[in-house]
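Quick caveat: nothing in here was measured; it's all calculated off a predicted structure. The chains referred to below are lettered A, B, ... by the order of the sequence lines, with proteins before strands, and numbering in each begins at 1.
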There are 2 protein chains.
Amino acid sequence: MKWDMLDEEPCSLSRTVAVVGDRWTLLILRECFLRVRRFEAFQSSLQITRHLLSERLKKLVRFGILRRVPYSEAPKRYEYILTQKGLDLYPIIMAMVHWGDTHMGDERGRPLLHEHKNCGKLFDPVMVCSECGEVLHAKQVHVHAGPGRREVVG
Amino acid sequence: MKWDMLDEEPCSLSRTVAVVGDRWTLLILRECFLRVRRFEAFQSSLQITRHLLSERLKKLVRFGILRRVPYSEAPKRYEYILTQKGLDLYPIIMAMVHWGDTHMGDERGRPLLHEHKNCGKLFDPVMVCSECGEVLHAKQVHVHAGPGRREVVG
DNA sequence: AAGCTATAGTTCTAAAATAGAACTGTCAAA
DNA sequence: TTTGACAGTTCTATTTTAGAACTATAGCTT
């Protein structure tokens, strides 16, 4: 499979993977959610090569996940800010953080704790059914072909 | 950064990314959740090269996400089955599917629909706070350093 | 005015990962 | 005895990534 075809597959997972399915992109997004916005800041906190950082930021802008916003004229400088489409990636990032907390921890405990401002408590993210509110488990879900399905499933 | 160090970073996202942060691994996991279990089945449905498929399956077994279970003696043949650790990746996969449904759809509609067996309805996955049950948004979450934090955040 | 620093990149070469195809080994069925 | 299914492994060519150096703009320092 060629990767430039991945975002046209009849599969929502493939299409998401086409955009955020590589290591650096996910780490860049982590920084975005931690309020990092500038080229140098991404570079020094991630130790990513400048070349790849430049590439990935362009791609995220192209897909509408980041906006490139000028913060200084003369010299022209820009920062990268999450769009709504980008903010909507939050559940993906949090699901990954939570899985890492649960299954990849060491004896030192969690690197970060998350507080929900609405209720004031430290929390874990939980995925529930939009209809009944119950916690979701893979085995309780049945998959149907939808209208956008062609030959490949997903 | 070297990728073999990524799973030792003091960051749960990095550690998760070290395991499932590449395109083929995520697509293989999609197939796992769609009940695919055998080498040939993965290969033909994904069009992945046999070399890489072999590599990725080994890695997923090594990290305890898949179990390699014999289903035939003479000739010895195995299938790959999600462990509990693997099943726990479901929220990540579903979050990606949902983002793709929302932001990467085309005029044909969704490729797949999901039915929750418990309530019988077609649903979307929603991420909520474990403490108060409210829907989570990035801006309502405050991040604290936890005990396992060293220098890098995440 | 000349030189240093900060920021945001681009360009180059070497190393690593992936694609694509062919090959191996085991056994069952025709 | 030959063919086919299954689960890989091995090989070369191409693409991607790493790592370092370089470019460009402008402010600040001496």
Below 4.0 Å: OP1/OP2 of D/dT16 and any side-chain N or O of A/W24: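 False: A/W24 side-chain N/O out of range (4.0 Å or more) of D/dT16 OP1/OP2.
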
For residues 53-60 of chain B, dump all side-chain donor-acceptor pairs below 3.5 Å to protein atoms at least two apart in sequence or in another chain.
from, atom 1, to, atom 2, distance (Å)
B/R56, NE, B/D22, OD2, 2.9
B/R56, NE, B/T25, OG1, 3.4
B/R56, NH2, B/D22, OD2, 3.0
B/K59, NZ, B/A18, O, 3.0

Reading nucleotides 3-16 of chain C from 5' to 3' and marking B where a protein heavy atom lies under 4.0 Å of the base, S where only the sugar-phosphate is that close, and - otherwise, the string is ---BBBBBB-----

Spacing between [X] atom [atom1] and [N] atom [atom2], to the nearest angstrom:
{"X": "B/R56", "N": "D/dT9", "atom1": "CZ", "atom2": "C1'", "answer": "16 Å"}
{"X": "A/L52", "N": "D/dA20", "atom1": "CG", "atom2": "C1'", "answer": "14 Å"}
{"X": "A/D22", "N": "C/dA17", "atom1": "CG", "atom2": "C1'", "answer": "13 Å"}

Give A/R23 one of three labels, base, sugar-phosphate or nothing, depending on what nucleic acid heavy atoms sit under 4.0 Å from its own.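 Nothing: the residue A/R23, judged by heavy atoms under 4.0 Å, touches no strand.
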
Among residues two or more places apart or on two chains, list those pairs meeting side-chain hydrogen bond (donor to acceptor under 3.5 Å, both in side chains) that have a residue in residues 123-133 of chain A.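 For residues 123-133 of chain A: A/R110-A/D124.
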
Tell me which pairs pass side-chain hydrogen bond (donor to acceptor under 3.5 Å, both in side chains) where either residue lies in residues 91-102 of chain B, with sequence neighbours left out.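 Output for this query lists A/S12-B/D101.
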
Under the salt bridge (Lys or Arg N to Asp or Glu O under 4.0 Å) rule, collect the residues that match up with B/E73, sequence neighbours excluded.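 For B/E73, the residues satisfying salt bridge (Lys or Arg N to Asp or Glu O under 4.0 Å) (neighbours in sequence not counted) are B/K76.
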
What bend angle does the helix from C/dA1-D/dT30 to C/dA30-D/dT1 show across its length, from five-pair end axes and to the nearest 10 degrees?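 Roughly 10° between the end axes, to the nearest 10°.
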
Set of ring-ring contact (aromatic ring centres under 6.0 Å, His included) partners for B/H137, sequence neighbours left out: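 Checked B/H137 against ring-ring contact (aromatic ring centres under 6.0 Å, His included); zero matches.
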
Taking ring-ring contact (aromatic ring centres under 6.0 Å, His included) as the test, write out the residues that go with B/H51, two or more places apart.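 B/H51 satisfies ring-ring contact (aromatic ring centres under 6.0 Å, His included) with no other residue.
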
Pairing of A/R50 and A/E40 as salt bridge, 4.0 angstrom limit: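 Between A/E40 and A/R50 there is a salt bridge, with a charged N closer than 4.0 Å to a carboxylate O.
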
Tell me, which pairs form a ring-ring contact (aromatic ring centres under 6.0 Å, His included) where one or both residues lie in residues 59-93 of chain A, sequence neighbours left out?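 Every ring-ring contact (aromatic ring centres under 6.0 Å, His included) pair that includes a residue of residues 59-93 of chain A, provided the two are not neighbours, is A/F33-A/Y90.
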
